[in-house]
Amino acid sequence: MPVSIKSAREIALMREAGRILARVHEELGAALKPGMSTLDIDRLGEKLIRGYECVPSFKNYNGYPASICVSVNEEVVHGIPSKHRILQDGDIVSLDAGVIYRGYHSDAARTHAVGNATPEAQKLIEVTRESFFQGIKYAKAGNHLNDISSAIQAYAESFGYGVVRDLVGHGIGTHLHEEPEVPNFAQKRHGIKLMPGMTLAIEPMINIGTPDVLWMDDDWTVVTEDDSLSAHYENTVLITDGEPEILSL
Ligand code: MF3
Ligand code: CO
């Protein structure tokens with residue numbers, strides 16, 4: 001499948017999907033507090049998503065059992081919500097959510113500090129977020145995909161952090177995962193040339209320690225191999241004739 005170029009009608013629907021997802025994330029971020037279980041977050045997220053007449057795209061995706069991926073501390077992504085996992089003051093928690101609005105997907109992730117996190121943890125969260133913005137400086141028609149990937153890596157590594165290699169961003173539209181893959185690290189190839197109407201989920205996953213990750217026995221939860229903290233930040237982005245449009249912000 002070639003990389004799809006969305007029509008004006010499709011872009012309008014993806015804008016609405018993104019706008020709703022941004023609100024879901026704001027509401028989830030505001031609700032986070034010590035003592036909540038990660039399942040409480042999932043339940044609230046699913047209720048919010050359905051309340052906006054959307055479908056949670058992660059639920060049952062390849063067997064994933066929840067609507068929100070909740071990944072705490074050394075968990076990188078795809079943590080499975082559980083009533084037994086209680087958020088503690090000082091945890092950092094990555095929330096990844098996807099919605100489908102009238103057939104169109106939006107995908108976004110945020111990492112939050114619960115209560116009072118250490119300065120080291122707060123810096124990781126902020127650098128991970130900023131690495132996304134460094135990357136999308138290059139998200140312009142005529143540039144190549146690798147321009148985005150390289151910029152994210154260079155920024156994160158300038159702080160000594162490890163950029164996860166085993167998971168990547170992706171095209172998005174009528175499906176959660178479309179072509180192309182969007183790595184957060186430099187490729188030898190330039191990658192595709194960016195064109196107006198492409199929609200990409202750009203999602204740096206950054207570890208305080210090494211880039212290496214492991215999969216837990218639940219077959220979903222990805223953790224850092226060295227147990228260092230990890231953060232995730234993602235938005236659905238539209239390539240235009242000018243500046244990129246961040247649909248999920
Ligand atoms: N944002 C993630 C992604 O891009 C989450 C999907 S995993 C799921 O792939 F299984 F939970 F859907
Ligand atoms: Co994604």
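Each ligand, and each atom within it, is numbered from 1 in the order the structure gives. Keep in mind that this is a model prediction, so the values were computed, not measured.
With His170 as the partner, the side-chain hydrogen bond (donor to acceptor under 3.5 Å, both in side chains) test is satisfied by one option alone out of His175, Glu178, Glu203, Glu181: Glu203.
Here's the thing with Glu203: one of its N/O atoms is less than 3.5 angstrom from an N/O atom of ligand 1. No N or O atom of His232 sits closer than 3.5 Å to an N or O atom of ligand 1. For Tyr61, no nitrogen or oxygen atom sits less than 3.5 Å from a nitrogen or oxygen atom of ligand 1, counting backbone and side chain alike.
Side-chain contact, Glu130 with Tyr155: no donor N or O sits under 3.5 Å from an acceptor N or O.
Here Glu234 contributes OE2 and His170 contributes NE2, and at the Co ion (ligand 2) these two atoms make an angle of 110°, given to 10°.
To the nearest 0.5 Å, the span separating CD1 on Ile136 from CD1 on Ile239 amounts to 9.0 Å.
In terms of protein heavy-atom proximity, atom 4 (O) of ligand 1 is closest to His170 NE2, 2.7 Å. For atom 1 (N) of ligand 1, the closest non-hydrogen atom of the protein is Asp96 OD2, 2.6 Å. Taking atom 9 (O) of ligand 1 as the reference point, the nearest protein heavy-atom neighbour is His177 NE2, 2.6 Å. Distance from atom 7 (S) of ligand 1 to its nearest protein heavy atom, with residue and atom name: His78 NE2, 3.5 Å.
In terms of modelled atom types and a separation under 3.5 Å, the side chain of Ser37 and the main chain of His84 share no donor-acceptor contact. Under the 3.5 Å distance criterion, the side-chain polar atoms of Gln122 are matched with a main-chain donor or acceptor of Ala117. Between the side chain of Glu46 and the backbone N or O of Leu44 there is no donor-acceptor pair closer than 3.5 Å. Side chain of Glu126 to backbone of Lys123: no donor-acceptor contact under 3.5 angstrom is found. Of the possible polar contacts, one joining the Thr199 side chain to the Ile172 backbone as a donor-acceptor pair under 3.5 Å is found.
Counting heavy atoms closer than 4.0 Å to ligand 1, residue Phe58 contributes atoms from both its backbone and its side chain.
Closest N/O/S atom of Glu203 to the Co ion (ligand 2): OE2. As for Asp107, its N/O/S atom nearest the Co ion (ligand 2) is the one called OD2.
Assignment of Asn62 to the shell around ligand 1 is not supported, since no heavy atom sits closer than 4.0 Å. Ligand 1 has at least one atom lying under 4.0 Å from a heavy atom of Cys69.
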